[in-house]
Novice: 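So that we are looking at the same thing, I have put the structure below in C-alpha cells.
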Amino acid sequence: MALNVKTLENRAKKTLLEAQDLEQLEGVFKQYLGSKGELTLFLRSLAKLPKAKRKSAGKAANEAKATLSIVFEEQKKKLQKGSAQKGQEPFDVTAPGTRIERGHLHPITLVQRRAENIFRSMGFEIAQGPEIETEWYNFDALNIAKDHPARDMWDTFWLKPQNQRERLLLRTHTSPVQIRYMESHEPPLRIISPGRCFRYEATDASHEFNFYQLEGLMVGKDVTASNFKAVIQEFLTRLFAKPVTVRLRPTYFPFTEPSFEVDASCVICQAKGCSVCGGDGWLELMGAGMVHPNVLKAVGYNPKDWTGFAFGVGIERLAMLKYRVNDIRLFFGGDLKFLQQF
Ligand code: YSA
C-alpha cells in the first residue's frame, strides 16, 4: 500500500510541476487532492483497511498530501510570478509598427479618374449606363440598321432571351449612354461616360473581349467640329502633360455625320516618328463625329435647333500610351509585379 501511495505521489508531483498556467495547476490539484481527488478518496478508504495496515498506509498518505500541498503552493507562486512578469514586459512605444500592405488604384482607374477630372473642369458631367443593354439602345437608337454591317463588325455577347419584346446583350460600346442621357435631359448638355464594354473577339496586344471606353457628348446651339477639336486637344494635352495636336480624318459611323477618326500627334516621340506611331508621328486614338440628325430626332430633339459632337475612346489605349504599356492584356492579367508599378 505504501508503495502505491508513493507512485501516486510521484505522478501527482510530476504533473503539478508540468502545469503551464494557474488554471492547469488548479486542475491537477483537484485531480489528486480535491474533494473527489485520488489521494482524498484513498484517505477516506483507510477506515476499511485491517488495523495492521491502516497505520502505515495512513502515515504514507498524509505525508504524500503534505508534500503535494507544498509542491502545489510553490508551483503556484512560480506561475503567478511568471504571468505578472509577462504583463510587465517593457513596451517600446517608439519602435516601428508592423507595416500594413496598402492597395492602390489600378492604372485603368487612374486614367479614368484623371480623364473625369479634366472633363469636369471643362463643364462636363459624368453619366452612367447599364452594362447589360437592350438591342434598341446599343444599335437601333444609334441609327445602326438591323441589316447594317456594323452589327456584324461588333460581334456581340447576346444574352439568353428573357422575354419576346427585346433582346439583351453586353454593351459593345458606351454610346448607348448618349441616348439614355438625351432621352431624360434637355439640351444644352455636356457629358462623359466611362465604362466597361464587351466584344466577342479574340484577344491580342491591343484587343480584349472586356475593355473600357470613355464616351463624350456635347449638344448645344451651334456646336461644331471645331469645338470638338478644341475640347479633345485640351483633354489630351492635359492627360499626357505634353502639347498634343489633333487631326480629323473622315470615316463612317451610322450615328454621326460627318464622322471622324481622331489622330493625335505621337506623345512618345513628339511626332518625330517612332515604333509606337509607326514612324509617321500620328496615333490613331478614337472615333467621333457630329451627332446624326436621326439620333437627335430619336430622342426628341429638333436637329434644326441643336447640334452636337460625340466621341468614344478606349481607356486602355490612353493608359497604354500614358504608361508605355505595349500589351493590353497586362492590365487584366492580375500580375502584381506589373500592377505595383503604378
Ligand atoms: C464614335 C462616334 C461617336 O459619335 C461616339 C462614339 C464613337 C465610338 C464608337 N462607339 C466605337 O465604339 N468605335 S470603335 O469601335 O472604334 O471603338 C472605339 C475605341 O474603343 C477604339 O479606338 C479602341 O481604343 C477601343 N476598343 C474597341 N474595341 C476594343 C477596344 N479596346 C480594346 N479591346 C477591344 N476589343
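Just so you know, ligand 1 is whichever comes first in the structure, and atom 1 is the first atom listed for that ligand.
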Novice: Can you find an N or O of Arg317 that's nearer than 3.5 Å to an N or O of ligand 1?
Specialist: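 Arg317 vs ligand 1: no N/O contact under 3.5 Å.
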Novice: What side-chain hydrogen bond (donor to acceptor under 3.5 Å, both in side chains) pairs are there with at least one residue in residues 186-198, not counting sequence neighbours?
Specialist: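 Those involving residues 186-198 are Arg196-Asn210.
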Novice: State whether the side chain of Thr172 and the backbone N or O of Thr156 hold a donor-acceptor pair below 3.5 Å, judged by distance alone.
Specialist: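 Not a single qualifying donor-acceptor pair exists.
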Novice: Taking both backbone and side-chain atoms of Glu208, is any N or O found less than 3.5 Å from an N or O belonging to ligand 1?
Specialist: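 For ligand 1, there is an N or O atom that lies under 3.5 Å from one belonging to Glu208.
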Novice: Could Arg199 and Phe211 be counted as a cation-pi pair, given that NZ or CZ must be under 6.0 Å from the ring centre and within 45° of the axis?
Specialist: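 No; the conditions do not both hold, so Arg199 does not lie above the ring face of Phe211.
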Novice: Parallel under 30°, tilted from 30 to 60°, perpendicular over 60°: which one fits the rings of Phe119 and Phe124?
Specialist: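 Perpendicular: the ring planes of Phe119 and Phe124 meet at over 60°.
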Novice: Closer than 4.0 Å to some heavy atom of Ser175 - which atoms of ligand 1 meet that?
Specialist: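 Those atoms are 5 (C), 6 (C), 10 (N).
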Novice: State the atoms of ligand 1, each with its element, that fall below the 4.0 Å cut-off from a heavy-atom position in Ala288.
Specialist: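 In order of numbering, the contacting atoms are 1 (C), 2 (C).
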Novice: To the closest 0.5 Å, what do you measure between CG (Asp335) and CD (Gln341)?
Specialist: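 One finds 9.0 Å between CG of Asp335 and CD of Gln341.
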Novice: Under the 3.5 angstrom rule, does the side chain of Asn227 hit a backbone N or O of Thr224 as a donor-acceptor pair?
Specialist: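 The answer is yes, because a donor-acceptor pair under 3.5 Å joins these two groups.
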Novice: Nearest to atom 32 (C) of ligand 1 by heavy atom, Phe209, Phe211, Tyr212: which?
Specialist: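 Answer by nearest heavy atom: Phe211.
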Novice: Could you work out, for atom 23 (C) of ligand 1, the closest of Gly312, Gly314, Gly216, Gly287 by heavy-atom distance?
Specialist: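 Selected option, by shortest heavy-atom distance: Gly314.
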Novice: Using ring pair (Phe, Tyr, Trp, His ring centres under 6.0 Å) as the criterion, list what pairs up with Phe29, not counting sequence neighbours.
Specialist: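 Ring pair (Phe, Tyr, Trp, His ring centres under 6.0 Å) check on Phe29 returns Phe72.
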Novice: At a 4.0 Å threshold, what atoms of ligand 1 neighbour a non-hydrogen atom of Thr256?
Specialist: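 Reading through ligand 1 atom by atom, the close ones are 3 (C), 4 (O).
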Novice: With atoms numbered from 1 as shown, which atoms in ligand 1 lie under 4.0 angstrom from a non-hydrogen atom of Ile328?
Specialist: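 Counting atoms of ligand 1 from 1, those under 4.0 Å from Ile328 are 32 (C).
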Novice: Should you measure from each heavy atom of Glu215, which atoms of ligand 1 turn up under 4.0 Å away?
Specialist: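 Checking each atom against Glu215, I get 5 (C), 6 (C).
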Novice: Please state whether Gln213 comes within less than 4.0 angstrom of ligand 1, counting heavy atoms only.
Specialist: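 In this structure, Gln213 qualifies as a contact of ligand 1 - some heavy atom is under 4.0 Å.
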Novice: Out of Glu257, Met320, Arg199, Arg329, whose heavy atom is nearest to atom 12 (O) of ligand 1?
Specialist: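 It is Arg199 that holds the nearest heavy atom.
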Novice: So is Gln178 in contact with ligand 1, going by heavy-atom distances below 4.0 Å?
Specialist: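 So Gln178 counts as touching ligand 1.
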Novice: Say whether His207, considering both its backbone and side-chain N or O atoms, lies within less than 3.5 Å of an N or O atom on ligand 1.
Specialist: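 No: no nitrogen or oxygen of His207 is under 3.5 Å from one in ligand 1.
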Novice: Under 3.5 Å between any N/O of Glu316 and any N/O of ligand 1: does that happen in this structure?
Specialist: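 By distance alone, the answer is no.
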Novice: Looking only at heavy atoms, is any part of Phe311 under 4.0 Å from ligand 1, and if so is it the side chain, the backbone, or both, or is it neither?
Specialist: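 The answer is the backbone.
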Novice: Can you classify the ring geometry of Tyr301 versus Trp306 as parallel (below 30°), tilted (30 to 60°) or perpendicular (above 60°)?
Specialist: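 Tyr301 and Trp306: tilted rings.
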Novice: May I ask you to decide if the ring planes of His173 and Phe255 are parallel, tilted or perpendicular, using 30° and 60° as cut-offs?
Specialist: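 The arrangement is perpendicular - the two ring planes meet at more than 60°.
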Novice: Check the orientation of Phe338 and Phe342. Use parallel for under 30°, tilted for 30 to 60°, and perpendicular for over 60°.
Specialist: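 The rings of Phe338 and Phe342 stand perpendicular, inter-plane angle above 60°.
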Novice: Against ligand 1, does Ser206 come closer than 4.0 Å with any heavy atom?
Specialist: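 Ser206: in contact with ligand 1 (<4.0 Å).
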